[in-house]
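Numbers restart at 1 for each chain; the letters A, B, ... are given by sequence-line order, proteins then strands.
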Protein chains: 2
Amino acid sequence: MSQTVPDWSVLMASCPSRTSLARIANKWTAMAVSVLGNGRARFGDLKTQLDGISGKVLTETLRDLERDGLITRHVYAEVPPRVEYELTELGLTLHEPLLALCRWAEKHIAEVLINREAYDAR
Amino acid sequence: MSQTVPDWSVLMASCPSRTSLARIANKWTAMAVSVLGNGRARFGDLKTQLDGISGKVLTETLRDLERDGLITRHVYAEVPPRVEYELTELGLTLHEPLLALCRWAEKHIAEVLINREAYDAR
DNA sequence: TCCACTAGTTACGTTGAGGTAATTGGTTAC
DNA sequence: GTAACCAATTACCTCAACGTAACTAGTGGA
């Protein structure tokens, strides 16, 4: 008998998995990983597709994802510079769950808007 | 010919679905909805289970979820006061995706920690 | 010669998220 | 009758997140 599954739990404040949840349960992360699911993309492309994101926040988001091993950074020695980002294997396993979140928001927003109106009218 | 699916997209900054994504793609939301998937719970229970959350943030999180129609609030006219929170039908459809996110964080945290160490050592 | 192009980085100011602690209301205990 | 108690909310303050804008590098083109 051996317990091979470590008892991580995001519910415990001191559990490292909490830091990972905080990173992935994030608006920009969900959008970035969703887009990168279609294949590698340049920094500029991501900035265009993630409408409204600032360069600073995109840089930080991508660096954090790279640090956690969810994406890889491909730098080309060209002028002007070209950098492409790509989901790793680990990142790929996160693509479907995060895409599901984006799809949920789009699918149910009409109902949510009605609920908000009703709530605010009370 | 009719286009029944509205073309919402979280990628557009002005799309309302973006506000919904911002709400659900959130650490505390993911944890709260995951816990509430086990059945209705009192405020105090949630505060205990969502280890580390402050009363203020829990209140705000729950109020926002109620506003969007993801949970309902049951108030009992007792002393001391008792309030229970419960997922709505809409909230239930979000339980699995958000639980998946929590599970992902717990399942892959070991690998993530290794990646972080490697990155920081560069 | 000087500007554009790309992927950043940095400085600075503002906004918002979050924690701590006091407060409310009504009932029980002394 | 007044002090204690509990669930829940609010007031206040702090700090981190975010946006804007300026700046970097090196080459190619007008």
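OP1 or OP2 of C:dA7 lies within a sub-4.0 Å distance of a side-chain N or O belonging to A:Arg42. Phosphate contact (OP1/OP2 of C:dG25, side-chain N/O of B:Arg82, threshold under 4.0 Å): absent.
Put simply, the side chain of A:Asn115 gets close to the backbone of B:Asp68: a donor and an acceptor are under 3.5 Å apart. A:Glu106 places a side-chain N or O within 3.5 Å of a backbone atom of B:Val10 that can act as its donor or acceptor partner. For the pair B:Glu66 (side chain) and B:Arg73 (backbone), a donor-acceptor distance under 3.5 Å is absent. Checked by atom type and distance alone, the side chain of A:Thr88 pairs as donor or acceptor with a backbone atom of A:Leu70 at under 3.5 Å. Panel note: side chain A:Arg18, backbone A:Leu11; a donor-acceptor pair is recorded below 3.5 Å.
Residues from residues 51-72 of chain B that place a heavy atom under 4.0 Å from any atom of DNA chain C, listed by number: B:Gly52, B:Ser54, B:Lys56, B:Val57.
Distance CD (A:Glu84) to C1' (C:dG8): 16 Å, rounded to an integer number of Å. Protein atom NZ of A:Lys47 is 13 Å distant from nucleotide atom C1' of D:dC18, rounded to whole Å. Note: CG (A:Leu46) to C1' (C:dT6) measures 14 Å, nearest angstrom. Rounded to whole angstrom, the span from the CZ atom of A:Phe43 across to the C1' atom of C:dC5 amounts to 14 Å. Distance, A:Trp28 CH2 to D:dG19 C1': 11 Å, rounded to whole Å. With rounding to whole Å, B:Asp45 atom CG is found 9 Å from D:dA7 atom P. Residue B:Leu50 contributes atom CG, which lies 14 Å from atom P of D:dA8 at whole-angstrom precision.
Within 4.0 Å of A:Val75, counting heavy atoms only, lies no atom of the nucleic acid at all. Within the 4.0 angstrom heavy-atom criterion, only backbone atoms of the sugar-phosphate kind lie near A:Tyr85; the bases stay farther away.
For A:Thr61, the side chain to side chain contact (heavy atoms under 4.5 Å, CB included) partners at least two apart in sequence or on another chain are A:Trp28, A:Thr29, A:Val57, A:Leu65.
Around CD of B:Glu84, the count of heavy atoms belonging to other residues, nucleotides or ligands within 6.0 Å exceeds 12.
Residues B:Tyr85 and B:Arg40 have side chains that never bring a donor and an acceptor to within less than 3.5 angstrom of each other. No hydrogens or angles considered: a donor-acceptor pair under 3.5 Å links the side chains of A:Thr19 and B:Arg116.
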Protein N or O to nucleotides 23-30 of chain D N or O, pairs below 3.5 Å:
none

